[in-house]
Amino acid sequence: MKSKRSQGNSQIKKGRVLSGMRPTGKLHLGHLAGALGNWKMLQQEYECFFMVADWHALMSEYNDPGRVKEYAIDNVRDWLSSGIDPDKATFFIQSEVGRHLDLFMILSCLTPLGWLERNPTYKEQLREIKNRDISTFGFLGYPVLQAADILIYRADTVPVGDDQLPHLELTREIARRFNHIYGTSLLPEPKALLTRTPRLSGIDGRKMSKSFGNTINLSDSEGEIRKKVQMMFTDPERVRLSDPGHPDKCNVHSYYAVFCPEMKAEVDDWCVNARVGCTECKKRLAECLLEDVLGPIQRKRKLFPDSKIEKILSRGTKRAGLEAGKTFKDIKGAMKI
């Protein structure tokens, strides 16, 4: 299958990308610096399918799934407000394209159990997530569903960070095994598009995560943003205002580097030469975030009521369903069923 396609115009794209987000909470600055920043660039060069991964959300939220739909709409509002364009990419709801689960069933039958048990991310999540019971068959098998998500669109490119490479390699192994068993070259072995995601810790210095409650959300109010920034960890060695600071040890400095890079040299001077105290430095960071980063996004959020988002998702889900249906027809043909 050719990797160069056009999407709704004469522009030739480099290939087809599948990427998604689990609607398990509000999107935060980590998403903006990472996935959304990458998606904004990818949509210009690739044929992109961006998925609301609600089945994946259910794997951890099965006890209380009532807000998954609400978060899905809110997350897509943030996609749109951050510059992801539904005329350049296909937005869709995973659970509304039934072929994902159909292919998941087939791939589950031919994926060796050992492949899943050795998945390093599975082991890491079991260690880290203590407030939910994820010792389930569904969570063990989520990489197979992830493979189905990618392969049902015959996506040949997947944006990933270094920590996600084992997931993609498993998808490649599953595609290779399918092709070998059924004597076909139908399913592509998708290549990784390594994305450079800036390191961004939560306000407490740990990994930024919804489950840790240490995020600055894209939809937070002005008051919430100011309060959270003031709670951020700074250089522990700078006790007094007159003490010289160490920018490389300061979490606040890392936010300046990502979101207000034009101020970085000035901030370094404030810190190293003890010209500005940490409290004042955090106040100025809050101003930068409010004026230059989150303010524009929040103003755009008002342009996307639920009804408009639902129409965008309905249109995209229909297109995704058609593409998935074509692939699944070819899969059944290859299997002679």
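Basis for what follows: all heavy atoms, side chains included, without hydrogens, waters or symmetry-related copies.
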**Q** What distance do I312 atom CD1 and S307 atom OG have between them, rounded to the nearest 0.5 Å?
**A**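 Interatomic distance, I312 CD1 to S307 OG, rounded to 0.5 Å: 9.5 Å.
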
**Q** Which atoms form the tightest heavy-atom contact between P188 and A155, and what is the distance?
**A**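 Reported closest heavy-atom pair: CG-O, 3.8 Å.
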
**Q** Is the backbone of A89 close enough, under 3.5 Å, to the side chain of Q43 for a donor and an acceptor to pair up by distance?
**A**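 Side chain of Q43 to backbone of A89: no pair is present.
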
**Q** Are side-chain heavy atoms of H167 and Y142 found at a separation under 4.5 Å?
**A**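 In short, these two side chains touch, coming nearer than 4.5 Å.
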
**Q** Just do the side-chain contact (heavy atoms from CB on, under 4.5 Å) check on Q146 and Q164 with the steps written out, would you?
**A** CA-CA 12 Å; Q146 192 173 58; Q164 298 169 310; over 6 Å; no

**Q** Looking at K69 and D54, does any basic side-chain N land under 4.0 Å from a carboxylate oxygen?
**A**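 Judged by the 4.0 Å cut-off on N to carboxylate O distance, K69 and D54 do not form a salt bridge.
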
**Q** Do R118 and E173 sit within salt-bridge range, that is, some charged N less than 4.0 Å from a carboxylate O?
**A**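 Between E173 and R118 there is a salt bridge, with a charged N closer than 4.0 Å to a carboxylate O.
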
**Q** When you compare the side chains of N217 and T215, does any donor N or O come within less than 3.5 Å of an acceptor on the partner?
**A**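 Yes, side-chain donor-acceptor contact under 3.5 Å.
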
**Q** In Å and rounded to the nearest 0.5 Å, what is the CZ to NZ distance from R238 to K249?
**A**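 It comes to 13.5 Å.
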
**Q** State whether the side chain of D220 and the backbone N or O of I216 hold a donor-acceptor pair below 3.5 Å, judged by distance alone.
**A**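 It does not hold such a pair.
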
**Q** Are side-chain heavy atoms of K300 and R77 found at a separation under 4.5 Å?
**A**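 K300 vs R77: side chains apart.
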
**Q** Can you hop from V258 to V252 via hydrophobic side chains spaced under 4.5 Å?
**A**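 V258 clusters together with V252.
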
**Q** Set out, in order, the CA-CA distance, both residues' side-chain angles and the distance that settles side-chain hydrogen bond (donor to acceptor under 3.5 Å, both in side chains) for D330 and T327, then state yes or no.
**A** CA-CA 5 Å; D330 290 343; T327 301; 5.9 Å; no

**Q** So that I can tick it off, tell me whether E323 and K326 are bridged by a salt bridge, with the cut-off set at under 4.0 angstrom between side-chain N and carboxylate O.
**A**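 E323 and K326: salt-bridged.
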
**Q** First locate atom CG of D102, then atom CD1 of I331, and finally report the distance between them rounded to the nearest 0.5 Å.
**A**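 D102 atom CG to I331 atom CD1 measures 9.5 Å (nearest 0.5 Å).
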
**Q** Are W270 and E266 packed together at the side-chain level, in the sense that at least one heavy-atom pair is separated by less than 4.5 angstrom?
**A**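 Yes, side chains in contact.
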
**Q** Quiz question: by atom type and distance under 3.5 Å, do the side chains of H56 and D149 form a donor-acceptor pair?
**A**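 The criterion, which ignores hydrogens and geometry beyond distance, is satisfied for D149 and H56.
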
**Q** Between D268 and H253, is there a side-chain donor-acceptor contact under 3.5 Å, judged purely by atom types and distance?
**A**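 Yes - a donor-acceptor pair under 3.5 Å links their side chains.
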
**Q** Kindly indicate, with the supporting measurements, whether the criterion side-chain contact (heavy atoms from CB on, under 4.5 Å) is fulfilled by V97 and M51.
**A** CA-CA 10 Å; V97 181; M51 175 179 71; over 6 Å; no

**Q** Look up atom OG in S82 and atom CG in L36, then write down how far apart they are to the nearest 0.5 Å.
**A**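 These two atoms lie 4.5 Å from each other.
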
**Q** List the atom of L107, the atom of F178, and the distance in Å for their closest heavy-atom pair.
**A**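 Heavy atoms only, the tightest pair is CD2-CD1, 4.4 Å.
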
**Q** Any sub-3.5 Å donor-acceptor pair from S254's side-chain atoms to N251's backbone N or O?
**A**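 Confirmed, S254 side chain pairs with N251 backbone.
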
**Q** Return the minimal non-hydrogen interatomic distance between T24 and S60, and the atom names on each side.
**A**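 Closest heavy-atom pair between T24 and S60: CG2-OG, 4.3 Å.
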
**Q** CH2 of W79: more than 12 outside heavy atoms within 6.0 angstrom?
**A**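 It does: W79 CH2 has more than 12 such atoms within range.
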
**Q** Taking atom CD of E291 as the centre, does the number of heavy atoms from other residues, nucleotides or ligands within less than 6.0 Å exceed 12?
**A**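 No, the 6.0 Å shell around CD holds no more than 12 heavy atoms from other groups.
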
**Q** Between Q298 and I225, is any pair of side-chain heavy atoms under 4.5 Å apart?
**A**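 Yes, side chains in contact.
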
**Q** Name all pairs fulfilling the disulfide bond (SG atoms under 2.5 Å apart) condition that reach into residues 258-296, sequence neighbours left out, sorted by first residue then second.
**A**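 Found C260-C288.
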
**Q** Under the 3.5 angstrom rule, does the side chain of S108 hit a backbone N or O of F104 as a donor-acceptor pair?
**A**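 Yes, S108 side chain to F104 backbone: donor-acceptor pair under 3.5 Å.
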
**Q** At what distance, to the nearest 0.5 angstrom, does CG of L165 lie from CG of L194?
**A**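 Result: 5.5 Å between the selected atoms.
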
**Q** Is there a continuous path of hydrophobic side-chain contacts, each under 4.5 Å between heavy atoms, that joins F212 to F233?
**A**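 Result: no, two separate clusters.
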
**Q** Grab the two heavy atoms, one from L29 and one from L218, that are nearest each other, plus how far apart they are.
**A**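 Nearest pair, atom of L29 first, then L218: N-CD2, 4.0 Å.
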
**Q** For I152 and A324, which heavy atoms make the closest approach, and how far apart are they?
**A**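 Nearest pair, atom of I152 first, then A324: CG1-CB, 3.5 Å.
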
**Q** So, N214 side chain and S209 main chain: donor-acceptor pair closer than 3.5 Å or not?
**A**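 Yes.
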
**Q** Taking the side chain as every heavy atom from C-beta outward, state whether T171 and V158 have any atom pair closer than 4.5 Å.
**A**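 With C-beta onward as the side chain, the pair stays apart.
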
**Q** Between L170 and L116, is a side-chain contact (heavy atoms from CB on, under 4.5 Å) present by the stated rule, with each step listed?
**A** CA-CA 8 Å; L170 182 56; L116 302 177; 3.9 Å; yes

**Q** Any side-chain heavy atom of L32 sitting closer than 4.5 Å to one from F259?
**A**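 Heavy-atom side-chain distance check passes, below 4.5 Å.
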
**Q** Between V272 and Y255, is there shared hydrophobic-cluster membership here, with clusters defined by ILVMFWY side-chain heavy atoms closer than 4.5 Å?
**A**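 No; Y255 is not reachable from V272 via cluster members.
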
**Q** Could you go through R154 and L186, starting from their C-alpha distance and side-chain angles, then the distance that decides it, and tell me whether this counts as side-chain contact (heavy atoms from CB on, under 4.5 Å)?
**A** CA-CA 8 Å; R154 289 185 260 204; L186 175 63; 2.9 Å; yes

**Q** Does any N or O in the side chain of K264 come within less than 3.5 Å of the main-chain N or O of A257, such that one atom is a donor and the other an acceptor?
**A**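 Absent.
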
**Q** Any side-chain heavy atom of K26 sitting closer than 4.5 Å to one from Y71?
**A**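 Yes, their side chains come closer than 4.5 Å.
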
**Q** Under 4.5 Å between side-chain heavy atoms, hopping through other hydrophobics if needed: is there a path connecting L103 to L322?
**A**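 No, because L103 and L322 fall into different hydrophobic clusters, even though each may have its own neighbours under 4.5 Å.
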
**Q** Determine, using the 4.5 Å side-chain heavy-atom cutoff (strictly less than), whether I337 and Y182 are members of one ILVMFWY cluster.
**A**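 Yes, I337 connects to Y182 through the hydrophobic network.
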
**Q** Would you say that M232 contacts L285 through its side chain, given a criterion of any heavy-atom pair below 4.5 Å between the two side chains?
**A**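 They are in contact (side-chain heavy atoms under 4.5 Å apart), so the answer is yes.
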
**Q** Got a donor-acceptor contact below 3.5 angstrom from the R16 side chain to the E47 backbone?
**A**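 No: the side chain of R16 does not pair with the backbone of E47.
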
**Q** When you check the gap from the basic side-chain N to the acidic O, do E169 and R176 get nearer than 4.0 Å?
**A**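 Result for this pair is yes, salt bridge flagged.
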
**Q** With a cut-off of 6.0 Å (strictly less than), are more than 12 heavy atoms of other residues, nucleotides or ligands near CE of M105?
**A**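 No, because the 6.0 Å sphere around CE of M105 holds 12 heavy atoms or fewer from other groups.
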
**Q** Verify the neighbour count for atom NZ of K283: are there more than 12 heavy atoms of other residues, nucleotides or ligands below 6.0 Å?
**A**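 It does not: K283 NZ has 12 such atoms or fewer within range.
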
**Q** Do we see a donor-acceptor contact under 3.5 Å between the side chains of S81 and R301?
**A**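 No, because no side-chain N or O of S81 sits under 3.5 Å from a partner of the opposite role on R301.
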
**Q** Search all heavy atoms of T90 against all heavy atoms of G316 and return the closest pair with its distance.
**A**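 Looks like CG2-O, 3.3 Å.
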
**Q** Under 6.0 Å between the ring centres of H100 and F328?
**A**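 Between H100 and F328, the centre distance exceeds or equals 6.0 Å.
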
**Q** Between the side chain of D85 and the main-chain N/O of D87, is any donor-acceptor distance below 3.5 Å?
**A**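 The answer is yes, because a donor-acceptor pair under 3.5 Å joins these two groups.
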
**Q** Take the angle between the ring planes of F50 and F91 and call it parallel below 30°, perpendicular above 60°, tilted in between.
**A**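 Aromatic pair F50/F91 classed tilted.
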
**Q** Would you compute the distance between atom NZ of K14 and atom CG of L42 and round it to the nearest 0.5 angstrom?
**A**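 Atom-to-atom, K14:NZ and L42:CG are 9.5 Å apart.
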
